[in-house]
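Below is one structure, written out as structure tokens; the observations come after it.
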Amino acid sequence: MERWIIIISLIFTLITMGEGMTCGIINGLLNPKSDVLVHCKSKNDDLGIHRLQYNASFEFHFSPNFWGTTQFYCSFVWPSRIEWFDIYKHKRDAYDLCLWMVKHDGPCRFDHGQQSFDDCFKWNNII
């Protein structure tokens, strides 16, 4: 019986992983409204640099790995600021919408219940 549970769990994991994931980033910088340069990477992929005007967005697609260790981090550059954040961490984001708004104090994730970007985080510490 245990063996079948493990096999069914593995099949479910492989099926859901095949669907892939989409992350989106929106420039929500106000006062003043600034362009932001976004550069996202994972261990295996460099998504390049993208300039986002106020309210513009950048979206990327990927398939999380089997081990659940997929992680993308992004740097954000705008006048007089350089910040970075782990935009996708499998353990935190695998079963949620990966849609973020960049704000001065940190990125805010879209909250389904409130239908707004109220789930805010602090920027990662500088290394």
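The chain is numbered in sequence order, starting from 1.
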Inset, instruction - May I ask you to say whether Arg109 pairs ionically with Asp93, meaning some side-chain N is under 4.0 Å from a carboxylate O? - result: yes
Inset, instruction - Report the distance from atom CD1 of Ile26 to atom CG of Leu99, rounding to the nearest 0.5 Å. - result: 4.5 Å
Inset, instruction - Quick one: sort the Trp84 and Tyr73 rings into parallel, tilted or perpendicular, breaks at 30° and 60°. - result: perpendicular
Inset, instruction - Give the ring-plane orientation class for Phe72 versus Phe62, where under 30° counts as parallel, over 60° as perpendicular and anything between as tilted. - result: tilted
Legend entry - Nearest heavy atoms of Thr22 and Cys98, plus distance in Å: O-CB, 3.5 Å
Legend entry - Taking every non-hydrogen atom, the tightest pair across Asp118 and Ser116: OD2-OG, 2.6 Å
Inset, instruction - Could you tell me the separation between the CG atom of Leu47 and the OG atom of Ser42, rounded to the nearest 0.5 Å? - result: 7.0 Å
Inset, instruction - Report yes if the side chains of His104 and Arg81 come closer than 4.5 Å at any heavy-atom pair, otherwise no. - result: yes
Inset, instruction - Locate the shortest heavy-atom distance separating Asp46 from Lys41; write the atom from each residue and the value. - result: OD2-CE, 3.3 Å
Legend entry - Between NZ on residue Lys33 and CG on residue Asn55, distance to nearest 0.5 Å: 7.5 Å
Inset, instruction - Mind listing the closest non-hydrogen atom pair of Pro79 and Ser34 along with its distance? - result: CD-CB, 4.0 Å
Inset, instruction - Would you check if the side chain of Asn27 reaches a backbone N or O of Leu29 as a donor-acceptor pair within less than 3.5 Å? - result: yes
Inset, instruction - Just say parallel, tilted or perpendicular for the rings of Phe58 and His50, cut-offs at 30° and 60°. - result: parallel
Inset, instruction - Kindly give the heavy-atom pair with the smallest separation between Thr70 and Pro64, and that separation in Å. - result: OG1-CA, 3.3 Å
Inset, instruction - Assess whether atom CD of Glu59 is packed by more than 12 heavy atoms of other residues, nucleotides or ligands within 6.0 Å. - result: yes
Inset, instruction - Applying side-chain contact (heavy atoms from CB on, under 4.5 Å) between Trp100 and each of Phe117, Phe121, Phe110, report the one that passes. - result: Phe121
Inset, instruction - Give, for atom SG of Cys120 and atom CG of Asp111, the distance between the pair rounded to the nearest 0.5 Å. - result: 9.5 Å
Legend entry - Nearest-0.5 Å distance, SG of residue Cys108 to CE of residue Met101: 8.5 Å
Inset, instruction - With the side chain counted from C-beta on, respond yes when Cys74 and Ile25 share a heavy-atom pair under 4.5 Å apart, and no when they do not. - result: yes
Legend entry - Hydrophobic cluster of Val77, others only, ordered by chain and residue number, side-chain cut-off 4.5 Å: Leu37, Ile49, Ile82
Inset, instruction - From the options Lys89, Arg92, Lys91, Lys43, select the one residue that forms a side-chain contact (heavy atoms from CB on, under 4.5 Å) with Gln71. - result: Lys89
Legend entry - Nearest heavy atoms of Trp123 and Lys103, plus distance in Å: CZ2-O, 3.2 Å
